[in-house]
Number of protein chains: 2
Amino acid sequence: MDIIQVGDLTFQLDYSKPLYEQIISQFRFDIAQGNIPLGTRTLSVRDLAKELKVNPNTVMRAYQELERDNLFETRRGHGTFVTSSQKKVDELQRSLATQAVSSFVTSIKSIGFTKDSAITLIEEAEWN
Amino acid sequence: MDIIQVGDLTFQLDYSKPLYEQIISQFRFDIAQGNIPLGTRTLSVRDLAKELKVNPNTVMRAYQELERDNLFETRRGHGTFVTSSQKKVDELQRSLATQAVSSFVTSIKSIGFTKDSAITLIEEAEWN
DNA sequence: ACAATTGTATTATATACCATAATACACTTA
DNA sequence: TAAGTGTATTATGGTATATAATACAATTGT
């Protein structure tokens with residue numbers, strides 16, 4: 001479990017999931033939390049790759065998916081920027097939440113739990 | 001999306017996840033629901049593979065993981081049986097639920113949601 | 001105009017996982 | 001002994017992930 005400080009951001013990379021997915025998640029989280037001001041320019045593909053000790057292609061893949069999600073805006077020769085639109089951030093947050101909920105519902109149902117018992121489980125869960 | 005009836009059980013296989021995982025899930029679900037009486041003998045590795053149009057190795061992998069989970073008991077030359085212990089079924093159900101909850105909590109937190117808002121989302125979710 | 005810095009694309013290589021296929025072995029029962 | 005169990009092994013192929021090296025395209029600053 002590697003922990004890497006990059007400016008204001010903290011990246012935690014391991015091999016439990018693809019690296020590019022972890023990079024995506026951590027940007028999403030930091031944007032959703034306001035840890036990265038909207039409109040900020042990100043590190044370049046090459047620079048972030050260097051910091052994270054990861055291949056530039058891996059960072060590029062993450063940036064491209066974040067752009068497809070409308071969280072990033074990129075311009076050749078110019079750089080990559082976090083969107084300036086709070087609305088897009090909200091939209092993405094909602095859609096990711098919906099997805100998380102629906103995958104939870106699927107899996108908890110698939111082991112034979114009812115809605116009420118599932119809610120109880122969440123209420124009892126630790127939330128640090 | 002292939003739907004295959006095998007005796008009392010219905011298998012739905014697709015390519016969204018590994019086949020062996022889907023076989024495992026569906027056995028877990030049917031055992032948890034009581035769709036398979038405890039102590040029942042399952043189809044042999046070869047026979048289930050034939051029914052599902054899947055390689056015997058794939059079924060064997062599923063059976064082996066289910067045995068590690070204490071849901072299946074196998075005896076060479078004899079066959080594979082669903083555990084007779086309701087306690088083991090309950091234990092596994094609890095542990096799978098814990099895992100589902102914790103992975104939901106992780107992902108919903110990672111997009112910046114609080115516990116209360118997460119519970120609201122679950123309450124509003126469809127549960128068919 | 002030019003150099004430096006951006007994002008982007010391509011090709012090759014290595015590894016891991018998933019699935020199939022064919023075959024053989026080990027054990028139990030009828 | 002034959003038939004039906006689970007189990008193990010080896011080979012092959014496809015896909016996803018990650019790295020590496022290289023080149024191209026667009027923008028900016030000097």
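Lettering of chains follows the sequences in order, A, B, ..., and the numbering in each one begins at 1. Computed from a predicted model, the values in this text were never measured in an experiment.
- Across the interface with DNA chain C, nearest-nucleotide mapping of A:N57 and A:G79 shows A:G79 to be the residue nearer the 5′ end.
- Atom CG in A:L48 sits about 14 Å away from atom P in D:dA18, given to the nearest Å.
- With rounding to whole Å, B:R41 atom CZ is found 11 Å from C:dT28 atom C1'.
- Evaluation of atom-type donor-acceptor distances gives a pair under 3.5 Å for the side chain of B:R46 against the base of D:dG6.
- Protein atom OH of A:Y20 is 8 Å distant from nucleotide atom C1' of D:dT17, rounded to whole Å.
- Distances shown here put a side-chain N or O of B:T58 below 4.0 Å from the OP1 or OP2 atom of C:dT20.
- With rounding to whole Å, B:H78 atom NE2 is found 11 Å from C:dC27 atom C1'.
- For A:L19, taking side-chain heavy atoms from C-beta onward, the closest of the listed nucleotides D:dT17, D:dT19, D:dT5 is D:dT19.
- Between B:L52 and B:V6, some side-chain heavy-atom pair lies under the 4.5 Å cut-off.
- The shortest distance between side-chain heavy atoms of B:F72 and B:T42 falls below 4.5 Å.
- Atom P of nucleotide C:dT20 and atom CG of B:L52 are separated by 10 Å, given to the nearest angstrom.
- The two atoms that bring A:K109 and B:Q33 nearest to each other are O-NE2, 4.3 Å, heavy atoms only.
- Note on B:T74: a side-chain N or O is less than 4.0 Å away from OP1 or OP2 of D:dT7.
- The OH atom of B:Y15 sits 10 Å away from the C1' atom of C:dC18 (whole-angstrom rounding).
- Distances shorter than 4.0 Å separate some side-chain N or O of B:T80 from OP1 or OP2 on D:dG6.
- Distance, A:R76 CZ to D:dA26 C1': 6 Å, rounded to whole Å.
- Only B:M60, B:Q64, listed by number, bring a heavy atom of residues 59-69 of chain B to less than 4.0 angstrom from any atom of DNA chain D.
- As rounded to whole Å, 14 Å separates atom C1' of C:dC18 from atom CG of B:D14.
- Taking each heavy atom of A:G79 and A:R41 in turn, the nearest pair found is CA-NE, 4.0 Å.
- Using modelled atom types and a 3.5 Å distance limit, the side chains of A:T114 and A:D116 yield no donor-acceptor pair.
- Counting heavy atoms from C-beta on, the side chains of A:V89 and A:T83 come closer than 4.5 Å.
- Partner B:D69 forms a side-chain hydrogen bond (donor to acceptor under 3.5 Å, both in side chains) with one of B:Q64, B:R28, B:K88 and no other, that one being B:R28.
- At a cut-off of 3.5 angstrom, the base of D:dA20 holds at least one donor-acceptor pair with the side chain of A:N55.
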